[in-house]
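Report on the following structure.
Chain A is the first sequence line, chain B the second, and so forth, proteins listed ahead of strands; every chain is numbered from 1.
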Amino acid sequence: MLRVVDLLSGFKYDQFVVESWVKGFWARNRVYDLVKAKSSTLHRKFYFLDGPPYASAKSIHVGTAWNKVIKDIVLRYYRMSGYNVWDKPGYDTHGLPIEVKIEQSLGLQVKKDIYEKVGVESFIMQCKAFVDENMKAMSEQFKELGVFMDWGDAYVTYKNDYIEAGWWLIKKAHEKGLLYRGYRVLHWCPRCETTLADYEVSEYRELEDPSIYVKFPVRGRPGEYLLIWTTTPWTLPANVFIMAHPDFNYVKVKVKGETLIMAKARLKAVMEEAGVGDYEVVGELKGVDLEGLEYDHPLEDLVDAQKNLIGYHKVVLASEGVVEYEGTGLVHSAPGHGVIDYDVGLRLGFPVVSLVDDSGRMSEDAGAYKGLYFRTEANKAIMEDLERKGVLFHKSTVVHRYPVCWRCKTPLALRATNQWFIGVTKLKDELIREAENIDWRPEWAKTRFMNMLQELRDWVISRQRFWGIPLPIWTCRVCGYTHVVGSVKELEEMGGYRPGDLHRPWIDKVTLKCPKCGGVMERVPDVLDVWFDSGVSFYASLGYPMRRDLYESLEPADFIVEGHDQIRGWFFSLLRSGVIGFGKTPYRRVLVHGFALDEQGREMHKSLGNYVEFEELISRVPRDVFRFWVSSNTTWEDLKFSWKALDYTFRDFTVIWNTFVFASTYMGLDGFDPEVVTLESVRGYLEVEDKWMLSRVNNLVKKYSEAMGDLRVHDASRALRSFILDDVSRFYVRLVRRRVWEEADTPSKRAAYVTLYYVLKTWLSLAAPIIPFTTEYLYQHLFKPAEKNAPESVHLLDMPSADESFIDERLERDMDIARSVIDAALAARAAAGLKLRRPVRRVIVAAKDPEVLEAFSRLSEVIGEMVNAKSVEVKGLEFLEELRVYTVKPRMGEVGRDFKKLTPLIVELMESKAGEIARSITSKGYYEAQVEGATVRLEPRHVEIEVEYPSWLSARESELATVAVDTQISPEEEAEGYAKEVVRRVQHMRKEAKLMIDDRIEVWITGDEGIVKAVEAFEDYVKGETRAVKINYEEPPSTVYSKEWDIEDKVITIGLRKV
RNA sequence: GGGCCCGUAGCUCAGCUUGGUGGAGCGCCCGGCUGAUAACCGGGAGGUCGGGGGUUCGAAUCCCCCCGGGCCCA
C-alpha cells in the first residue's frame, strides 16, 4: 500500500534549491527525451516554427527570454494535450551587424581592409566562430529557463544545407519570372564603401551645407528661367528633370530684366532671402501648365553625362517631394541621387545617372568634375562654374540634420546602385489572399499586416558584403548570359564543383560553363539580404528540397509567435517566401507579443543604464518566478520590466508552496492513500465546501483550456494564480483546517483529503507548462510516491479535462454571496473589537431576496466556521428593521428655505417621529405630515438619517444583505475564550520547544483564578487541541519548560514537557 | 506625415467586443492570527477611467478631435 509521505515540510523552502534539484532530476532521468518520445507517438501533428533569434551576442535580452518562455508554455501545453509537437529551435546567423562586430574586434576601418588585411577566408571563419560561440551560450540560457526544445538539433542559417535550400527559392523566383536586376537609391558610406540598410541610417548630425538658388534657362525663350533650390550642388551634374506640383500656383517674376518661374507661395520668402526688393509679377499659371516645359542644363558643356540627357530636360508633374514651405516649388531632380527623384523618373521611363563612385568622388562621366570629393571639392567647383555662367541667383548656407554613418560618422551620400530584385509586387493579390487565411492573435495584428501589404514594394535581395548566403547567380564573361543555380547538384552539372563550404570566398572560385556560348561564367559577388534567410526557415529547417517527406508531412506551421516588430519582419518574409516558393502561406496561426521595456516604458539600452543582463536576472529571480510573471502579462502588450513586480510574484510562490506543505503534512501524518480513498469512495461524505471546491477546480480546467486553446496564455496564467491563492489557500484551506486537525479517521476528514489531493494535482497539471520546475518538484515529492502507476515526470501527465458532473454553478454563486457576507461579518466583528479567536453567540444574516436567503441557509455552517460563530440565523429584513433605532437630523439650509417659519416645528417633528420619518423616506422616498393645518412633505434632501443598532449588535450592510453580530458573551463563552487563549500559548510553547506536531505532552498551569477555572471547565477541549495527556493545576516543576503569560492583564504560568 | 497599439487608485494591471451605480494585486494606515509561520488573515483610506466634443435616459465602454508613450513605415 502506498500513501502520502510528508516529504515537503521537512524541507526548508528555497525556490532556488527547488529549481536546481529539478534541473538535476531532468538531466539524470533524461526527462526531455521521455517527453519527446511520448509526444512522437501521437498522431495529431503540431508544427511549431521557431523564429530564429539573431546570434550576435552571448547574452540574451529579457525580451528574448520572454519570447522563448511563451513558446515553451504553448509547446508544453500541446504536448500534454495529445499532440505530436515539432519543436526544433533555430538561429539567425548571417548579416552585416555580425560582420561589423568582427571588423571592430579586428580593428578594421574600411571594407577593403577585409580583402587586404585579413582576407575574406579568415574573415568568414571568424564570423562563423563568433556565431558558434554565441549560439552555444544562448542555448544554455534558454535551457536555464527550462525551455524544452530540441537543443541538440537546432537549425542554423549558415549551414550548407540551409544555404542550398535558400538557393532553391531564388531559382523558383527566377522560374516565375520575378528575378530582375535594377537600380535602387540607397544611403552609401563613402568611407566604409558600403550601402547602409534603411534601419542602419539612424544617426544624424547638424551639418552646414550650401543653400543655392539656380536658374535653369527655358529652352528657346532667352531671358526666361526656371528657378530651383538645392543644398547638394554635387547632384546638379546628374540632373535629369525638374518637378512641379500640379496643384500649386506659379508666377513669372521680372527681376533685373530676366523672367523667373517659381511657386507663388515662395515668392516673398525667396526674394527676401536673396535681398531682392525690386521685382514684378508679370504672369500667373498653374503647375499643370508647366508640364513638358523644356530647359537647357547650365552645366551641359562641362559634364559628359549631360550630353545623353538633352531630350529629358523638362518639367514633370509630381505631388510627392514638392512642397510650399521651402525651396521654390520647382525641384531639381537627379534620379541617381534621390529616392523620390528615382521613383518619379522610373514612372516616366527616364534614365538614372549616378556620378559619384564608391569612394565619394565624382566619376568619369562627370567630366570637368571628375575625381572631386562630392560634398567638398565638387560643391565648390560647381558653385564657381554656376556663378561664372551667371545662373547662380543666390548663394548662402544652411545648417540641417544630415545622415552620417553610424560606424565612422562620415556624412552619407544617396546613390543609385545596381541591385537584384524579386518582383513581389506582381504577387500582391496572392499575398493578400493568403494573408486572409492566417489566424491572427490579436485581431489588430492582421489589420497592421494588411495595411503593410497595400504598400508593398519589390524586394532588394542583394548586398555587397561577405557573411551571407551567396547569391546563386552566374554570368558569362563572354556573352553576358545569366544563369540561376538552384542546388549544389545543378552547380556540378553546369561544370562546377561543390566547395566544402558554400560561403564566400570559396564559392566565388567556382566557375561554370556557359550553356549559350561555352564561355566561363563567374558568380555575381553579392550575398543575400539577411531577411531572406529567416524567411525560408519554414521549409529550409526541415531539409527541403533535398528531402521532401518531413516538410510535406508537417506543413503548414500550426503556430508561430514573435514580437510585434516582426509583423513587417519575419511574419512578412515568411509569407513572401511561401508565396514565391509554394503559392501559399507557410503558417496558419500567429501570436504577437510585446516588447520588454524598462520600468518607465522606455527601451532597454546598455547606454541608458537600464539594461537588464540575463545573468543578473537569473541570479536574482528564480526561473519559475520569472516565467509566472511574464506569462501573466497580456501577451501582445509591452512588458514593463520590474524587479519589484518579480518580488511580489516571488511572494506568491511562498503561499503556493505552503498550500502544498499543508496538504503534505496532514496527509502524511494520517498516511492518506489516494488509491484506496478515492473521490468515488467519499462522494457521499463531501461537505458543501468540498463540493464547491470541486466545482471551482473543474471550472478552472474549462477556463484554462479555453484560454490556452485560444492562445490567451496570460488569461490561463492569471486564472491559475487567483485559483490557488484565493480559492484554495485563502478560502478552502482555512475552512477545512479544523476538519483536518481532527485526530480520528472520520469520513469528513477523508473527504477533505481527497478533495485537496484532487484539486492540487489538477492544478499542478495545468500549471506544469508555465512553472515546470516547481510543479515537477511538488509532483516528485507529493504525488508520485503516492501512486503506483504515476508517470516519471509531471510533464508526462495528460492535460486534465473538466468533469462536468462536479460543476455546480448555483453553489458557486451561493458561495460568492456567502463570502461577501463573511467579509461583512468580519468587518462587523472588527468594529466591535471582537477578536476572531473569540467565538460569538450568533450571527444574524438578513436579506430580502429569497434566493439569497436560500444560499445563506445552505451555507450557514461555512459562514459560522469562517466568522467563528456558534450559530448563524438567517432572517428576513424585517427582523433587523425592528431592532433599528433611527436618528433624523434636519439639514437646516434646505428645511429653512422650504418651510420658512414652520421650521422649528419641523425640527421638533424630526426628533419625535424619527423612526417613522426615516422608514417612510427610505422606503417611499418621502414623508408627509400635517403641521399647523398644512401638509408638509419631507424629502431625502431635508434630512440626514443615521441608523443605529442596539449596543449588543454590531451590524454591517453588504451588497445583498445586512449582517449583525451578536456581541453578548455569557460567562461560559468567556471561559471558552480564555481556554482558547491558553491553547494558543501552549501551541506557541510547543513550537518553541521544537516538539513534533504529533508529540504528546503534559501541561502545568497556575495563576489567575478565572483563567485556571476556564481551563478546568474546558479541559477536554484544551487537551485535544494541544495533544496533552494530562493537565496539572499547580506550579510547574523547575525541570520543565515554563513561561509566564499576560492574558488581558491577568497573569498565568504555563509549563509543559514531552511525554 | 501615415498605419497599428497603449494611456483606468501611489505602482502594475483587469474591465471595453455585447453601454446600466468603477475592480484586483502590491504599497500605505489600522487591527488580528501564531498547529502552512523569514508566513498568513481582516478592515480602511485612495480614482476628473489622458483631455475635449458627440451619440444616448445612461459612456471607462460606441463615434470624432487633441495630448502623451510604443512598434513599424515615410
Side-chain angles (χ1 to χ4, degrees), chain A residues 8-9 12-14 198-199 320-321 323 339-340 442-455 457 563-569 571-572 592-597 599-603 629 632-634 636-642 644-649 651-666 669 714-715 718-719 721-722 725-726 728-731 733-734 737-738 740-741 822-831 833-838 866-868 956 959 980-981 983-992 995-999 1025-1027:
Chain A
L8 292 173
S9 62
K12 186 164 172 286
Y13 174 56
D14 180 335
D198 293 336
Y199 68 86
E320 63 263 50
V323 296
V339 178
I340 293 169
E443 196 54 30
W444 55 256
K446 182 176 183 177
T447 313
R448 198 142 135 184
F449 195 73
M450 289 301 184
N451 288 340
M452 181 207 59
L453 286 180
Q454 291 304 328
E455 301 163 20
R457 296 183 64 180
H564 46 62
D565 55 330
Q566 300 302 336
I567 292 175
R568 268 168 193 273
F571 299 155
F572 175 56
V592 173
H593 69 73
F595 267 52
L597 308 171
E599 208 146 8
Q600 279 79 47
R602 293 170 312 179
E603 225 180 305
W629 179 62
S632 67
N633 191 85
T634 306
W636 39 84
E637 281 174 18
D638 292 344
L639 172 82
K640 289 188 192 162
F641 186 86
S642 156
K644 223 161 78 181
L646 284 163
D647 272 352
Y648 297 147
T649 306
R651 271 188 233 175
D652 290 341
F653 272 70
T654 336
V655 184
I656 295 169
W657 184 265
N658 283 334
T659 305
F660 281 85
V661 169
F662 173 82
S664 177
T665 309
Y666 288 102
L669 212 55
H714 52 284
D715 282 341
R718 288 171 191 163
R721 178 181 179 278
S722 74
L725 295 181
D726 297 335
V728 182
S729 173
R730 288 171 189 150
F731 197 70
V733 167
R734 280 211 299 147
R737 251 188 303 200
R738 200 149 293 279
V740 164
W741 289 343
I822 288 165
D823 287 348
L826 289 170
R829 287 190 66 118
L834 290 169
K835 296 177 177 185
L836 191 59
R837 200 180 328 119
R838 165 159 290 174
M866 293 299 281
V867 179
N868 195 10
R956 204 82 182 181
E959 229 173 302
K980 285 197 175 188
E981 295 287 348
V983 166
R984 199 197 108 206
R985 285 161 176 81
V986 173
Q987 305 293 29
H988 192 81
M989 289 173 69
R990 284 186 63 117
K991 187 156 247 184
E992 284 178 333
L995 299 185
M996 292 288 115
I997 286 177
D998 52 350
D999 283 341
E1025 289 291 308
T1026 62
R1027 300 198 186 219

Taking atom types as modelled, find out whether A:Arg985 and A:Thr1026 have a side-chain donor-acceptor pair closer than 3.5 angstrom.
no

For [N] and [M], measure between their [atom1] atoms and round to the nearest Å.
N      : M      : atom1 : result
B:rC5  : B:rC65 : P     : 14 Å
B:rC62 : B:rU8  : P     : 16 Å
B:rC11 : B:rC16 : C1'   : 22 Å
B:rG47 : B:rC63 : C1'   : 25 Å
B:rC64 : B:rU18 : P     : 15 Å
B:rG42 : B:rA36 : P     : 16 Å
B:rA45 : B:rC30 : C1'   : 10 Å
B:rC13 : B:rG20 : C1'   : 24 Å

Whole-Å distance between [N] [atom2] and [X] [atom1]?
X        : N      : atom1 : atom2 : result
A:Ile567 : B:rG2  : CD1   : P     : 20 Å
A:Leu669 : B:rA36 : CG    : P     : 12 Å
A:Trp657 : B:rC40 : CH2   : P     : 16 Å
A:Phe571 : B:rC73 : CZ    : P     : 14 Å
A:Gln454 : B:rC73 : CD    : P     : 17 Å
A:Asp14  : B:rA39 : CG    : P     : 13 Å
A:Phe449 : B:rC73 : CZ    : P     : 13 Å
A:Leu646 : B:rC26 : CG    : P     : 16 Å

Need the pair for B:rG1. Rule: Watson-Crick or G-U wobble, both distances under 3.5 Å, any strand; none if unpaired.
B:rC73

Base-pairing assignment for B:rG7 (Watson-Crick or G-U wobble, both under 3.5 Å):
B:rC67

Assess whether one donor atom and one acceptor atom, taken from the side chain of A:Arg448 and the base of B:rC5, lie less than 3.5 Å apart.
no

With a 4.0 Å cutoff (strictly under), does any side-chain N or O of A:Arg651 reach OP1 or OP2 of B:rG27?
yes

Would you indicate, yes or no, if B:rG2 has its OP1 or OP2 atom less than 4.0 angstrom from a side-chain nitrogen or oxygen of A:Asn451?
no

Proximity to the side chain of A:Arg721 - top-ranked nucleotide from B:rG25, B:rC4, B:rA39
B:rG25

Report yes if the side chains of [X] and [Y] come closer than 4.5 Å at any heavy-atom pair, otherwise no.
X         : Y        : result
A:Arg1027 : A:Val986 : no
A:His593  : A:Leu639 : no
A:Ile822  : A:Phe731 : yes
A:His714  : A:Asn633 : no
A:Trp636  : A:His564 : no

With no hydrogens and no angle check, is any side-chain donor or acceptor of [X] less than 3.5 Å from a backbone partner on [Y]?
X        : Y        : value
A:Asp565 : A:Gly569 : no
A:Arg721 : A:Thr649 : no
A:Thr634 : A:Glu637 : no
A:Ser632 : A:Trp629 : yes

Which part of the nucleic acid, if any, lies within contact of [X], taking any heavy atom under 4.0 Å across all strands shown: a base, the sugar-phosphate backbone alone, or nothing?
X         : answer
A:Arg1027 : base
A:Glu443  : nothing
A:Lys12   : base
A:Arg990  : nothing

Just how far is it from atom CG of A:Asp652 to atom OG of A:Ser722, taken to the nearest 0.5 Å?
11.0 Å

Enumerate the protein-to-nucleotides 6-13 of chain B contacts in which both atoms are nitrogen or oxygen and the separation is below 3.5 Å.
unit_1 : atom_1 : unit_2   : atom_2 : d
B:rC13 : OP2    : A:Lys640 : NZ     : 3.4

Please compare A:Phe595 and A:Thr447 by the position of their nearest nucleotide in RNA chain B and report the one closer to 5'.
A:Thr447

Which residue lies more 5' along RNA chain B, comparing A:Val728 with A:Leu597 via nearest heavy atoms
A:Val728

Member of A:Trp657, A:Phe662, A:Tyr13 meeting the side-chain contact (heavy atoms from CB on, under 4.5 Å) criterion with A:Leu8
A:Trp657

Identify each atom pair where a protein N or O and an N or O of nucleotides 41-46 of chain B are less than 3.5 Å apart, giving names and distance.
unit_1 : atom_1 : unit_2   : atom_2 : d
B:rC41 : OP1    : A:Arg730 : NE     : 2.1
B:rG44 : OP1    : A:Arg956 : NH2    : 3.4

